[in-house]
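In what follows, chains carry the letters A, B, and so on, assigned in the order in which the sequence lines appear, proteins first and then strands, with residues in each chain numbered from 1. Since the model is a prediction, treat every value here as computed from it, not as a measurement.
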Number of protein chains: 2
Amino acid sequence: MESKIALAQLSALAQENRLALFRLLIRAGQDGLPAGEIAAALGVPPNTLSAQLTLLSNAGLIEGTRQGRSIIYKAQFDAISGLIVFLMEDCCQGRSEICAPVLEAAQSRCC
Amino acid sequence: MESKIALAQLSALAQENRLALFRLLIRAGQDGLPAGEIAAALGVPPNTLSAQLTLLSNAGLIEGTRQGRSIIYKAQFDAISGLIVFLMEDCCQGRSEICAPVLEAAQSRCC
DNA sequence: TCCATATTTCCACAATATTGGAATTATGGA
DNA sequence: TCCATAATTCCAATATTGTGGAAATATGGA
């Protein structure tokens with residue numbers, strides 16, 4: 001992954017509202033949520049939410065598709081996977097005993 | 001993990017210099033690097049670097065220990081592991097086929 | 001004690017990001 | 001065509017962050 005993309009993703013997540021928004025979509029899973037429901041859930045005015053959705057979307061972390069009058073946003077799980085790999089890149093120079101436990105711990109505590 | 005800590009970690013990583021700095025320490029592994037060498041490697045004046053080290057350190061992503069006149073900074077691998085878990089929290093409501101591949105992909109591409 | 005090296009703290013200027021009001025675009029139904 | 005709903009774009013005020021100069025602190029050696 002390019003450094004610029006990772007930076008955009010980290011910047012997008014590095015804000016209270018957007019982090020909450022992203023995690024809401026992670027929890028919503030593959031069904032996603034319409035922008036209006038997200039705004040209601042987070043208590044954010046629609047134009048502000050729109051700016052936040054755009055940032056996360058430009059970073060590739062979420063994707064919106066129109067469905068009637070609503071736009072349904074979904075978390076992009078691949079993007080998170082790529083970001084994790086980027087952060088751990090060249091972490092061990094072959095000595096995988098250093099970095100393997102990091103991802104193993106994450107895996108065992110997830111789901 | 002508390003949301004505040006995750007936010008501090010993401011904010012700390014969401015900046016070009018600090019992201020490069022963190023990844024440098026990830027690559028340096030458990031030996032770490034003295035602040036001076038980091039400054040030289042990144043081409044950043046020492047006082048600016050110090051502010052960046054402080055931010056990453058306060059977020060728990062790195063840790064510095066004095067050794068003679070130098071302070072050796074090391075990446076905290078546990079912190080990254082915790083951040084990954086936080087981002088994926090409640091990702092699948094039991095339907096682990098959604099989120100398991102994310103971490104598996106990360107694991108297979110790392111090391 | 002004095003000096004050189006390593007790093008940090010203090011501070012203020014410049015750059016960047018966040019927010020929401022008002023207006024705009026898009027869709028579907030009557 | 002007209003209206004209501006859903007979401008976005010434009011813009012400017014406000015808030016936050018990043019940067020480096022100058023001074024300060026900490027360590028080790030002569």
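Distances shorter than 4.0 Å separate none of the side-chain N or O atoms of B/R18 from OP1 or OP2 on D/dT17. Note on B/N47: every side-chain N or O is 4.0 Å or more away from OP1 and OP2 of C/dC10. Contact check, B/Y73 against C/dA6: no side-chain N or O comes under 4.0 Å of OP1 or OP2. Dashed line: the shortest gap from a side-chain N or O of A/T54 to OP1 or OP2 of D/dT8 is not under 4.0 Å.
Side-chain atoms of B/R69 lie closest to C/dA6 of the nucleotides C/dA6, C/dT27, C/dT8. Of the candidates D/dA7, D/dT8, C/dT19, C/dT19 carries the atom nearest the A/A51 side chain, counting heavy atoms from C-beta on. Across D/dT27, D/dG20, D/dT19, the shortest atom-to-atom separation from the side chain of B/Q15 is found for D/dT19. You'll find that the side chain of A/Q52 is closest to C/dT19, out of C/dT19, D/dT8, D/dT19.
Under the side-chain contact (heavy atoms from CB on, under 4.5 Å) rule, A/Q9 has a single partner from A/L56, A/N58, A/I80, A/L61, which is A/L61.
Counting any heavy atom pair closer than 4.0 Å across all strands shown, A/T48 reaches a base atom. Using a 4.0 Å heavy-atom distance criterion, A/S50 is classed as a base contact. As judged by a 4.0 angstrom heavy-atom cut-off over every strand, A/P46 is placed among the base-contacting residues. Within 4.0 Å of B/L55, counting heavy atoms only, lie sugar-phosphate atoms of the nucleic acid but no base atom.
The distance between atom CG of B/L33 and atom C1' of C/dA6, rounded to the nearest whole Å, is 15 Å. Separating the CD atom of B/E16 from the P atom of C/dT16 is a distance of 11 Å, rounded to the nearest angstrom. When the P atom of C/dT19 is taken as reference, atom CG of A/L42 falls 11 Å away, rounded to whole Å. Distance B/L49 CG to C/dA6 C1': 12 Å, rounded to the nearest Å. One interatomic measurement links the two molecules: CG of B/N17 to C1' of C/dA15, which rounds to 14 Å at whole-angstrom precision. Look at CG on B/N58: it is 15 Å from C1' on D/dT17, rounded to the nearest Å. Look at CD1 on A/I72: it is 11 Å from P on D/dT8, rounded to the nearest Å. C/dT8 atom P lies 9 Å from atom CD1 of B/I62, rounded to whole Å.
Side-chain atoms of B/E89 and A/I26, non-hydrogen and from C-beta on, never get closer than 4.5 Å to each other. With a 4.5 Å cut-off on side-chain heavy atoms, A/R18 and A/Q52 count as touching.
B/T48 places no side-chain N or O within donor-acceptor distance of the main-chain N or O of B/V44, the cut-off being under 3.5 Å.
Both the sub-6.0 Å distance and the 45° axial angle are satisfied by B/R23 relative to the ring of A/F86.
Of the residues near DNA chain C, B/P34 and A/V44, the one whose nearest nucleotide (by heavy atom distance) lies more toward the 5' end is B/P34. Residues A/S11 and B/I71 both approach DNA chain C. Their nearest nucleotides, taken by heavy-atom distance, put B/I71 toward the 5′ side.
Taking all atoms of both residues into account, the shortest heavy-atom contact from A/A35 to A/Y73 is CB-CE1, 4.1 Å.
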